[in-house]
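This is a predicted model, so every value here is computed, not measured. We name chains A, B, ... by the order of the sequence lines, and we start the count at 1 in each one.
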Protein chains: 2
Amino acid sequence: MSTRGYGGPVTEPRWLDEKQARAWRGYRRMRALLDLQITRDLAADSGLSDADYDVLSNLSEASPHRLRLTELATTMLWSKSRLSHHLTRMQQRGLVDREECAGDARGSIIVLTGAGLRAIEEAAPHHVASVRRHMIDLLTDEEIAALAALSHRVVAHLTAAP
Amino acid sequence: MSTRGYGGPVTEPRWLDEKQARAWRGYRRMRALLDLQITRDLAADSGLSDADYDVLSNLSEASPHRLRLTELATTMLWSKSRLSHHLTRMQQRGLVDREECAGDARGSIIVLTGAGLRAIEEAAPHHVASVRRHMIDLLTDEEIAALAALSHRVVAHLTAAP
DNA sequence: GATTGCTTGTTGACATGTCACCAAGCTAGC
DNA sequence: GCTAGCTTGGTGACATGTCAACAAGCAATC
């Protein structure tokens, strides 16, 4: 029976059991190591950062290779401020460009440049190979299905209105 | 049949199929959203950042609440530089302290202070609740087992000597 | 058609992370 | 013991991310 002085819950917290703790710690460690490795591969193969790749990838999937800044920020789960800063740097490297938005004078349209398109097209095969090598090809079909199912459930939960 | 000008693989890259892509995109999105939410919860409940929590957690699990800087950095997968910078900031807030290392005059021993111990003890129950709410309690037992198994396999792969 | 309030994108100050380098100390081979 | 090379932890310069504030434009209501 525990009593606590700081006004928190009076009941004993539900700690994680052994299996849950293994899953959580494993997830965290995989997340950290996978991030490091994929960032390294991407930089070595293409000279791009994770952030660069995500921006270019999203732009290249848009129909005319251009998106409103806010839309891009929402898709990427980035703040507008962070995206604006990052785009300024990518613009200086010639990977993207800004255009005025017809119909909304406040707006900024982000455009994939030719160099940007070339960069993502050259980077993509290496990146996919890296993702396969360090993760996807290590999993069974059942694990891939389980990962897809559980991650989509967690995403749905976190996306639901608070 | 594709030909390429930049000396890369001549074969068509093995893109991800639909199921693999769903798993990968889901994982990436879960990762991003979960990170944001858990960081927010941690800050709101305890005033700690993810990084603070990790440092305090690792120190509190060490036997006499102290660790060599290099050892801590290795465990956390951080660079020594990053850890040193972060510890300087945590030290200014009174959460940790530095001690000289008997037997190795270069060494720095990182010590959990009383305030640091109190901080992690108050933060932990809220943090576990947050982890459960946004992830663990949303998964079936099978999914927990699958996540533990696959993440440990990926970690083992990434930890093996290159 | 003016007032009021929201949205958009940018900026500057600051927090944090990365990178290359350094001084001091250890260590192994001679 | 001495020396050559490695390890340790720290530092400064710089890259990146966060946060609050802002100007400009839009929209809705009267």
Hits for side chain to side chain contact (heavy atoms under 4.5 Å, CB included) against B:Asp17, two or more places apart or cross-chain, chain-then-number order -> B:Lys19, B:Gln20
Residues passing the side-chain hydrogen bond (donor to acceptor under 3.5 Å, both in side chains) test with A:Ser49, sequence neighbours excluded, are A:Asp52
Residues of residues 40-59 of chain A with a heavy atom under 4.0 Å from any atom of DNA chain C, listed by number, are none
A:Thr88 meets the side chain to side chain contact (heavy atoms under 4.5 Å, CB included) criterion, sequence neighbours left out, with A:Gln92, A:Arg98
Salt bridge (Lys or Arg N to Asp or Glu O under 4.0 Å) filter on B:Arg22, not counting sequence neighbours, yields none
Where do N or O atoms of nucleotides 18-21 of chain D meet protein N or O atoms at under 3.5 Å, pair by pair?
| from | atom 1 | to | atom 2 | distance (Å) |
| --- | --- | --- | --- | --- |
| D:dT18 | O4 | A:His85 | NE2 | 3.3 |
| D:dC19 | N4 | A:Ser81 | OG | 2.4 |

- Check whether the side chains of B:His86 and B:Arg89 place a donor and an acceptor atom closer than 3.5 Å, and report yes or no. yes
Residue pairs passing the salt bridge (Lys or Arg N to Asp or Glu O under 4.0 Å) test with at least one member in residues 124-136 of chain B, sequence neighbours excluded, are B:Asp41-B:Arg133, B:Arg132-B:Asp137
Residues of residues 89-109 of chain B with a heavy atom under 4.0 Å from any atom of DNA chain D, listed by number, are B:Arg98, B:Arg106, B:Gly107, B:Ser108
B:Leu77 CG to C:dG17 P, in whole Å, measures 14 Å
Apart from A:Trp78 itself, members of its ILVMFWY cluster (side-chain separation under 4.5 Å) are A:Leu42, A:Leu48, A:Tyr53, A:Val55, A:Leu56, A:Leu59, A:Leu67, A:Leu69, A:Leu72, A:Met76, A:Leu83, A:Leu87, A:Met90, A:Leu95, A:Val96, A:Ile110, A:Leu112, A:Leu117, A:Ile120
A:Lys80 atom NZ is separated from C:dC6 atom C1', nearest whole Å, by 10 Å
For A:His134, the ring pair (Phe, Tyr, Trp, His ring centres under 6.0 Å) test, sequence neighbours excluded, returns B:His157
To the nearest angstrom, the CE-P distance between A:Met76 and D:dG17 comes to 10 Å
Between CG of A:Leu67 and P of C:dT8 the distance, given in whole Å, is 14 Å
When rounded to the nearest 0.5 Å, the distance separating NE2 of A:His65 from OG of A:Ser60 is 6.0 Å
Side chain to side chain contact (heavy atoms under 4.5 Å, CB included) filter on A:Thr75, not counting sequence neighbours, yields A:Asn58
Residue pairs passing the salt bridge (Lys or Arg N to Asp or Glu O under 4.0 Å) test with at least one member in residues 57-76 of chain B, sequence neighbours excluded, are B:Arg66-B:Glu99, B:Arg68-B:Asp104
Between NE2 of B:His86 and P of D:dG17 the distance, given in whole Å, is 17 Å
Rounded to whole Å, CH2 of A:Trp78 lies from C1' of D:dG17 at a distance of 9 Å
Whole-Å distance, B:Leu83 CG to D:dT11 C1', equals 15 Å
